[in-house]
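What follows is a short report on a single structure.
All values reported here derive from a predicted model rather than from experimental measurement.
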Amino acid sequence: IDQALSKMASKQVLQVFESYQKSRTTFVQTIAELSSRSQNVEALKQAGVMSLLRPLLIDTVPTIQQSAALALGRLANHSDELAAAVVTDDILPQLVYGLAEQNRFYKKAAAFVLRTVAKHSPELAQSVVDSGAVDALVICLDEFDPSVKEAAAWALGYIARHNTELAQAVVDAGAVPLLILCVQEPEIALKRIAASALSDISKHSPELAQTVVDGGAIAYLAQLLDVQDAKLKRQVFSALSQIAKHTVDLAELVVEAYIFPAVLPALQDPDEYVRKNVATLVRDVTKHSAELAQLIVNSGGVISVVDYVNESNGSALMPAVMALGYIAAFSERLSMSVIVSHGVTALASVLHNEGEDHVRAAAAWSLGQTGRHTSQHAQHVAEAGVLPDLLEITIDSSANPDLKAKASRALRNVLQKCTYLPALQSLLSQAPAEILENVVGQFAKILPTDAKARKQFVTSGGLKKIQEIKTEPDSELAEAVLTINECFPEEIVRYYSPGYSETLLNRLDQHTPASQKAAA
């Protein structure tokens, strides 16, 4: 009887514990499900969900631990306030301990929480670093399970992306060699996240980029140029770009991996982010030196970039527009390569039609770099009809200040070399004094030595407009007007001067016909 009673009591006790475990499981799984939808986050926060999930991270049942970590990660992902609560409630040490001691499912969930906390701000990412999580995450990069490696690499990338100090902490923990090994793994998702993390490390400084290069990353990234996975290609091109952007030496190391012209077809890739990242890579290589710009030109890069500009819009245009400007800036020859590839026409279209001011400002700058070399370069830019657009922006009081400054500077750059009279003449009536000085100055250089131009200047109304300009005595503008007037007979100058018709009428009033004089 005693035995039977004992068994019954044990069964009752066990049922209580089973019921408690089932309730905990149901609760944490429901919370994990609810937290996946952003509209539930505020209600869960008001209900005090964080304090209820914390003890479940150290529950005796592994599935409850994993579900609790997953719920915390989802909540932190939606709200920086809840991410901060993970820090202030001392949850991070429990997660770091679990990374070292628990099974692979928990490790994935814990790494997810660390990533969602770190993503919101440098301060929260620093808290993750201070908790010792980086060392634990780097150890996870050496795990057998690819999904654990992926979760750890993702978290490390989110820590490193904020600033140089956080990226250095990731590097100092020994992450780079293991991330490069992850790039070589067969799993596409792992390759993708590892390449992204290398990109996030490389972007901050030449020293960090050099650390990635020293690990042999460029060669392994270059082997992935032909993969079919669009998301992986995005990250590969981004990482190469982040390495190349810092110095000419790093850009040369990227180029030495024979990525050109292999990357150029990707400017026509169906994925818009792949296209933009390739354009960014081209820009970050070309900007360093004339030699690197020439290499891009020789590989057919200018034509590919111009095609990309013609087929893109919005902020996606920015890197390609800048690339054309960098190439054109280095020399007359490189600028002419942009011109003969119809780059000026493409840039003119961006300046005229694009809606985003920063993209138009970049187009104005690139046009200025293209036209500033010689009169021939300036004429090609002028013939594209961009000078009126640049002038319109320059005199528009409501224009974006950066756009206005770049348009004004580009206009001056082109005008200082421009000898194309129709384009110069089109600016005479509207140009403000500071621009008018450049326009009239160009006429003063051209007209004294070109008889045909002088005749055309008179018949097209240019001389008349010059006489209408009001100048300050002894100013450069006044001297230029005087130089122009000295190119023509005095009576022609007088004829086109304001008020000359009234002078003639006055003389008519005072004139007595010869027949009247004889009669008198």
Side-chain angles (χ1 to χ4, degrees), residues 73-74 76-80 82-84 86-87 92 95-96 99 108 110-138 140-141 149-180 182-183 189-213 215 217-218 221 231-246 250 254 273-274 276-277 280-281 283-284 315 318-319:
R74 287 174 174 172
N77 192 42
H78 286 301
S79 163
D80 54 355
L82 291 175
V86 173
V87 176
L92 289 178
L95 296 169
V96 173
L99 278 175
K108 282 168 56 180
F112 172 58
V113 180
L114 295 171
R115 167 165 67 88
T116 56
V117 171
K119 84 169 193 175
H120 289 288
S121 70
E123 293 73 24
L124 287 171
Q126 186 62 56
S127 298
V128 172
V129 172
D130 294 341
S131 71
V134 173
D135 289 328
L137 289 167
V138 169
C140 287
L141 288 178
K149 292 182 183 180
E150 182 186 330
W154 210 341
L156 290 168
Y158 271 61
I159 293 167
R161 66 172 47 181
H162 290 291
N163 58 43
T164 305
E165 292 73 23
L166 289 165
Q168 190 64 56
V170 171
V171 169
D172 292 343
V176 170
L178 292 168
L179 287 170
I180 294 171
C182 289
V183 169
L190 179 55
K191 286 177 184 285
R192 190 190 301 154
I193 301 303
S196 175
L198 291 171
S199 177
D200 287 330
I201 292 168
S202 301
K203 71 181 182 181
H204 297 291
S205 72
E207 293 75 21
L208 286 166
Q210 189 65 56
T211 302
V212 172
V213 170
I218 293 176
L221 291 169
K231 291 181 180 178
L232 176 54
K233 283 196 285 188
R234 291 179 197 173
Q235 302 306 332
V236 169
F237 291 131
S238 173
L240 291 171
S241 175
Q242 298 292 5
I243 293 167
K245 75 178 185 181
H246 294 290
L250 287 168
V254 170
Y273 296 104
V274 171
K276 184 178 179 181
N277 287 357
T280 304
L281 174 58
R283 179 199 66 191
D284 289 338
S315 59
M318 194 70 176

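- Counting heavy atoms from C-beta outward, Val117 and Val113 have side chains that approach closer than 4.5 Å.
- Within the 4.5 Å cutoff, no side-chain heavy atoms of Gln235 are placed close to those of Ile193.
- For Lys149, the side chain to side chain contact (heavy atoms under 4.5 Å, CB included) test picks out Cys182, Glu185, Leu190, with sequence neighbours left out.
- Side-chain contact between Arg234 and Arg192 is absent, with no heavy atoms from C-beta onward closer than 4.5 Å.
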Could you list the donor-acceptor pairs under 3.5 angstrom formed between side-chain atoms of residues 171-178 and any protein atom two or more places apart in sequence or on another chain?
| from | atom 1 | to | atom 2 | distance (Å) |
| --- | --- | --- | --- | --- |
| Asp172 | OD1 | Gln168 | NE2 | 2.9 |

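- Every residue was checked against the salt bridge (charged side-chain N to carboxylate O under 4.0 Å, His left out) condition with Arg115, not counting sequence neighbours, and none meets it.
- A search for side chain to side chain contact (heavy atoms under 4.5 Å, CB included) contacts involving Thr280 returns Ser241, Lys276, Arg283, Asp284, Pro319, not counting sequence neighbours.
- With sequence neighbours left out, Val129 forms a side chain to side chain contact (heavy atoms under 4.5 Å, CB included) with Gln126, Val134, Ile159, Leu166, Ala169.
- Residues that satisfy the salt bridge (charged side-chain N to carboxylate O under 4.0 Å, His left out) test with Lys108, not counting sequence neighbours, are absent from this structure.
- Applying the side chain to side chain donor-acceptor pair (under 3.5 Å) criterion to Asp135, with sequence neighbours excluded, gives no partner residue.
- Qualifying side chain to side chain contact (heavy atoms under 4.5 Å, CB included) partners for Ala197, counting only residues two or more places apart in sequence or in other chains: Leu179.
- The salt bridge (charged side-chain N to carboxylate O under 4.0 Å, His left out) analysis of residues 162-171, with sequence neighbours excluded, yields no pairs.
- Applying the side chain to side chain donor-acceptor pair (under 3.5 Å) criterion to Lys245, with sequence neighbours excluded, gives Gln242.
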Could you pull out every donor-acceptor pair under 3.5 Å between side chains of residues 205-212 and any protein atom, sequence neighbours left out?
| from | atom 1 | to | atom 2 | distance (Å) |
| --- | --- | --- | --- | --- |
| Ser205 | OG | Glu207 | OE1 | 3.4 |
| Ser205 | OG | Leu208 | N | 3.2 |
| Gln210 | NE2 | Asp214 | OD1 | 2.9 |
| Thr211 | OG1 | Glu207 | O | 3.0 |

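- Considering only residues two or more places apart in sequence or on other chains, Arg74 meets the side chain to side chain donor-acceptor pair (under 3.5 Å) condition with none of them.
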